[in-house]
Amino acid sequence: MGNCHNLSNQCLINKAEDENIDLVWHRYEKMLPLCGFGEKGICCRICMKGPCRIDPFGNGPQEGICGANADTIVARNLVRMIAAGTAAHSSHGKEIAKTLMQVGKKTSKSYAIKDSEKLRAIAKKMNISIEGKDIYQIAEQVAYESLKDYSRIEEEPCTWLSNSITPPRLEKLEGLGVALNNIESSVADIMSRTHLGTDADPINLLLAGMRCAIGDYTGMQISTNLSDVLFGTPEPVISEANLGVIKKDAVNIAVHGHNPLLSEIIVDVVDEMQQEARAAGATAGINIVGVCCTGNEVLLRRGIPMASNYLSQELTILTGALEAMVVDVQCIMPSLAKIASCYHTKLFTTMPEAKIPGADHFELHDENAVENARKIVKQSIEAYKRRDPNKILIPEEKSQIIAGFSTESITNLLSKIDSEKPLRPLIDNIVNGNIRGVVLFAGCNNVKITQDYNFVHMAKKLLENNILILATGCGAGAFAKNSLMNSEATNKYAGESLKAVLTMLGKEAGLDAPLPPIFHMGSCVDNSRAVDLAVNLANELNIDLYQLPVVASAPEVMSEKAIAIGTWAAGLGMPVHIGLMPPVGGSPLVAEVLTSGLKDIVDGYFIVEKDPLEAASKIIHVIEEKRAALNVTS
Ligand code: NFS
Ligand code: SF4
């Protein structure tokens, strides 16, 4: 089977070729060369006089039929990407808030409050009085106030924005008119102003894009915090990652997508159905594995192993040992249906807004969630009996991981060292230079880059330079799969002073080994956790976010959601590294604003660098600059 070693993921790509199955990499090859106009963002399909495209070399048309030039077209396209990303993330949060509302009203059949302590803390943060209220009344009110962030008419900033960032940052965003009052109207505003013949000013468009992206951030805060209330706040947990977590003798079910409303229920019903699976011949019972951010959600809260991040999702089916893939929303390749049809694998869609031709649709509503989850598991057990043993090839690769680094779990751990001021030990170690700075890795995989390569190579260099890493989304998936989230990785890759800190913290945690050098904070919406940590640090130091030696990075950026995240991260003051140029190259003006002009307005800005080692060097440079400005250069 070609040149694959130790049954690696590559073996499955070879297997696909042997079986004449196209995977994402093959489809990419067939797509080359990619459309240069699209890549530069200078094609416009906004009205039917077009499509129009601007000649980037200056020989052909320099304006569309309506007169829109490259700057207008690029800015319009970009902010529409932000709007789509924001819509995706924040509708996820809205579903969670609506579910919490039902729980509060005691009308939910499938969900309950798992973390009432967090619920009370949230109420306090939202200025909701809890005097004399029971937990359900508090839940209802928290849900109500959160849902207001999607519907507010009054011109005041969203609650989850104003209660979660530093005071100077809020003031700055308000001054710029980007501290939005309503997430959904910020999306609608983008669609409206980018309609033909409305906003033609690239700067005005970009500002609206920033406001919408801040809405993306707000929706993430809601997603993370209310999910914690319903499903529990993550605590450190040991698990495994990579395709090797798929078990030969188990009924393997992958949960894929983003919203924990589905995957939590699947995990719940599995316990009662283990016997049935064994009776069907699966001696190892039922094995749930995660893909993409839904995978991250159940990994952090339930210790469910992670099979794959975005780009290798198809490979889970190629193992021939996956009975079912259950998907909810976002980042699900439609190709899964066709690939599943070449195997015994069932593909289940579960959300009304995300159907895939060829999949079986079991819609998950509060009234029937448990019942439908059981049906899905039952059909997966049935599928097990149809497995073709000749088609099974499970890679051996898997890594041990420690995940579950919520802001709360990090703070709890630190409070063992200083119970009065838990953040102090972290701050002291940043100030004395043992930890030079912090990089938050987020975002996707992109087929334009060898999967996980940039994440891994950047991380190794940053760790060597005593920079602590936080990770979410498919970035976290990349590190988990590549053995960078365990104690051994600290010993192997962390610079001396970072290693000493992590070893000390590991001891405090009762681990007898260092903490991992990269903290897995969760799914993409859990970028809010990293912001919370940074905001707490900044508040403790009485400074604003941009002054911290903190940088965000999405080296294999791909989705519209990632564009939204990058934009708000810059809006909150962070330098944001991205490994690929977004489709803005056709407007030197827009590109200049994003990589430089933005800095004067919001302190944050984009650094575009594809080469991982070069990117790491640039980040280190920025971190040292920030340290110097803070006067902590030791
Ligand atoms: Ni984030 Fe998570 Fe992954 Fe990218 Fe998609 S799964 S929400 S968008 S590809 S990191
Ligand atoms: Fe062309 Fe203008 Fe229509 Fe876009 S909006 S397709 S640039 S005419």
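Both counts, for ligands and for their atoms, begin at 1 and track the order of listing.
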For this session: Confirm or rule out an N/O/S atom of C474, from backbone or side chain, lying less than 2.8 Å from atom 2 (Fe) of ligand 1.
Result: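 For C474, the answer is no, given that no N, O or S atom comes within less than 2.8 Å of atom 2 (Fe) of ligand 1.
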
For this session: Return yes if a side-chain donor-acceptor contact under 3.5 Å exists between N445 and E556, otherwise no.
Result: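 Their side chains do contain a donor-acceptor pair, which is all the 3.5 Å distance test asks for.
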
Problem set entry | S587 versus D71, side-chain donor and acceptor atoms under 3.5 Å |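 Yes, because at least one side-chain N or O of D71 sits under 3.5 Å from a partner of the opposite role on S587.
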
Exercise. Any idea how Y111 and F231 line up, ring-wise: parallel (<30°), tilted (30 to 60°), or perpendicular (>60°)?
Worked result: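 Y111 and F231: perpendicular rings.
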
Exercise. Can an N, O or S atom be found in C44 less than 2.8 Å away from atom 4 (Fe) of ligand 2?
Worked result: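 A backbone or side-chain N, O or S atom of C44 is under 2.8 Å from atom 4 (Fe) of ligand 2.
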
So which heavy atom in the protein is nearest [atom], and how far is it from that ligand atom?
atom                    : value
atom 8 (S) of ligand 1  : S559 OG, 3.1 Å
atom 6 (S) of ligand 1  : H258 NE2, 3.2 Å
atom 4 (Fe) of ligand 1 : C444 SG, 2.5 Å
atom 2 (Fe) of ligand 1 : C293 SG, 2.3 Å

For this session: State if A562 counts as touching ligand 1 under the rule of any non-hydrogen atom under 4.0 Å.
Result: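 Not so, A562 does not reach ligand 1.
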
Problem set entry | atom 1 (Fe) of ligand 2 contact by C52, N, O or S atom under 2.8 Å |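 It does: C52 brings an N, O or S atom closer than 2.8 Å to atom 1 (Fe) of ligand 2.
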
For this session: Would you mind listing which atoms of ligand 1 come within a distance below 4.0 Å of any non-hydrogen atom of C331?
Result: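 This gives 5 (Fe), 6 (S), 8 (S), 9 (S) as the contact atoms.
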
Exercise. With a 4.0 Å cut-off on heavy atoms, is R53 touching ligand 2?
Worked result: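 Under 4.0 Å: no for R53.
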
